[in-house]
Participant: 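The structure that follows is given in the form of structure tokens.
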Amino acid sequence: MRENGFRAIGGLAQKLTSGLAKGRDASVVRLKAEWSAVVGPELARVTRPDALLSARGARSSRSGSGKVLRLKVSGAAALEVQHRSSQIVERVNAYFGHRLIDELRLVQGVIAAPPAKPKVKRPDAAVERDIANKVADVKDPELRAALARLGARITTGRRSLLIGGLGALFLGDDLRAQSPAKFLDPLPDDHVLGKPDAPNVLIDYASFTCPHCANFNAAVMPVLRRDWIETGKMRLIHRHFPSDGVATRASVLAECSGPDKFFDAVDTLFRTQVQWMTAPDPATELLTVLADFGVTPEKAAACVANDRLLDKVIADVQSGQMLGVRFTPTVFINEQNYGNPGGADAIAAILSQVGR
């Protein structure tokens, strides 16, 4: 499971400062940014992702994916990397949460040293005090320091950093002052599926790039709709908790579909997750997937630039943080946190105990 709460703060800070990956090599951009974490520092010193290619021949036909990662490798390490190629393929696919590639194609080349990290302008003393106060309740000293450093970056450019989702940590003092219990009930801007008087409430925090969320949507949601929502026994609330910039863009575009089409757009995004995540340009493929919901390129551009829609996503992230969400999916049923409860039978068993 790709955790997208505090435990991933190091990797997410890098994503926050690098912005959204765009263009035909979006997947490779993500790999380059996280390569050391994907394959380990030893392999990362002698290899570098170069391009994602389409394979040809019988192998691609059998596998169904047919994609090859072209990997630049230092000449002296080529033989060792060749021996470990299957391990690298497994690690890359595990990182994306699905089968992205079938094989490697090694090319020899010079592996440049990673670029120096840009210096972060130090905020003034008042801002530093404010950030320190906001992370003071974090007990882990290393995590507290990491959050403070991230806060310093966020003060230098709100929108470009918030697009990764977790910049909301340092916004909304009025929200942080409220009781977490408030967020266990439907909020005014929530998307709610089901009858207004349905006695049971299920809140689902999800990320559109999370494979476990897609599995939950495919295996659990149809049963919930049939047995609980359509029978008037449950209200379902979807809240955004994006794990990366691509997921944040997908969240904004789901909002762009409008309240009447929102849940159908959510279902479509999860059902086609592999299609648009593995496309050369995920941002463009998202528009293809959502075309039936009126999300034209022009409308999408306006929505991505719309602070109100982004603020809705941020508000969902904030509420999740207030409730202790650390990964996706995280499900709350009648005010209790059940994490990822598993299949429909598990949720039915929970409801048999806490149902109303």
Side-chain angles (χ1 to χ4, degrees), residues 1-5 8-35 37-38 49 51-52 67 69 92-101 159-168 205-217 238-257 265-291 293 295 297 300-301 303-306 309-310 312-314 316-317 320 327-329:
M1 180 178 294
R2 290 176 58 196
E3 295 185 352
N4 52 4
I9 194 68
L12 284 173
Q14 186 174 12
K15 293 175 186 175
L16 284 166
T17 54
S18 63
L20 287 174
K22 298 179 180 179
R24 60 174 289 120
D25 295 324
S27 297
V28 177
V29 170
R30 293 175 63 187
L31 274 178
K32 287 180 178 178
E34 301 289 342
W35 190 237
V38 174
L52 195 60
K67 291 198 175 180
L69 177 64
V92 169
N93 289 335
Y95 167 74
F96 281 96
H98 57 82
R99 192 172 185 81
L100 176 69
I101 63 171
R159 186 172 184 86
S160 64
L161 298 174
L162 286 182
I163 201 68
L166 291 184
Y205 283 90
S207 169
F208 285 116
T209 54
C210 160
H212 301 278
C213 299
N215 291 339
F216 185 88
N217 182 75
H238 175 98
R239 289 181 184 165
H240 304 285
F241 206 79
S243 57
D244 52 45
V246 177
T248 305
R249 177 180 288 270
S251 291
V252 171
L253 294 179
E255 293 289 334
C256 193
S257 67
V266 168
D267 177 59
T268 297
L269 285 168
F270 280 130
R271 285 191 293 104
T272 60
Q273 183 188 80
V274 172
Q275 172 187 333
W276 55 264
M277 277 188 64
T278 61
D281 186 351
T284 298
E285 191 65 23
L286 280 170
L287 301 186
T288 301
V289 166
L290 294 175
F293 301 95
V295 183
C303 288
V304 169
N306 187 332
L309 298 184
L310 181 59
K312 160 60 179 164
V313 178
I314 292 169
D316 283 358
V317 173
F327 54 81
T328 56

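Please read these numbers as outputs of a predicted model, since none were measured by experiment.
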Participant: Return the OG1 to NZ distance between T278 and K67, rounded to the nearest 0.5 Å.
Facilitator: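 Nearest 0.5 Å value for the OG1-NZ distance: 4.0 Å.
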Participant: What's the shortest heavy-atom distance between Q273 and P211, and which atoms?
Facilitator: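 The pair with the smallest heavy-atom distance is OE1-CA, 3.5 Å.
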Participant: Got a second to check how far L290's CG is from W276's CH2, nearest 0.5 Å?
Facilitator: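 If I round to the nearest 0.5 Å, the distance is 9.0 Å.
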Participant: Find the distance between OG (S251) and NE2 (H238) and round it off to the nearest 0.5 Å.
Facilitator: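 Rounded to the nearest 0.5 Å, the OG-NE2 separation comes to 6.0 Å.
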Participant: Indicate yes or no for a side-chain donor-acceptor contact from N93 to the backbone of L100 under 3.5 Å, with no hydrogens or angles considered.
Facilitator: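 Checked: pair present.
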Participant: Quick one: pull up CG in L269 and OG1 in T209 and give me the separation to the nearest 0.5 Å.
Facilitator: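 Rounded to the nearest 0.5 Å, the CG-OG1 separation comes out at 11.0 Å.
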Participant: Could you work out, with disulfide bond (SG atoms under 2.5 Å apart) as the rule, every residue matching C213, not counting sequence neighbours?
Facilitator: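 For C213, no residue satisfies disulfide bond (SG atoms under 2.5 Å apart) once neighbours in sequence are set aside.
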Participant: What residues form a side chain to side chain contact (heavy atoms under 4.5 Å, CB included) with N215, not counting sequence neighbours?
Facilitator: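 Result, side chain to side chain contact (heavy atoms under 4.5 Å, CB included) vs N215: none returned.
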Participant: To the nearest 0.5 Å, what is the distance between CZ on F327 and OH on Y205?
Facilitator: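 Rounded to the nearest 0.5 Å, the CZ-OH separation comes out at 13.5 Å.
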Participant: Could you go step by step and tell me if H212 and T328 meet the side chain to side chain contact (heavy atoms under 4.5 Å, CB included) rule?
Facilitator: CA-CA 7 Å; H212 301 278; T328 56; over 6 Å; no
Participant: Measure the CG-CD distance between N306 and E255 for me, rounded to the nearest 0.5 Å.
Facilitator: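 Reported value, rounded in 0.5 Å steps: 10.0 Å.
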Participant: Regarding S207 and S243, is there a side-chain donor-to-acceptor distance under 3.5 Å anywhere?
Facilitator: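 Yes, a side-chain donor-acceptor pair sits under 3.5 Å.
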Participant: Check each of V266, L253, V246, T248 against F208 using the side-chain contact (heavy atoms from CB on, under 4.5 Å) test, and report the only one that passes.
Facilitator: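 Between F208 and the candidates, side-chain contact (heavy atoms from CB on, under 4.5 Å) is satisfied uniquely by V266.
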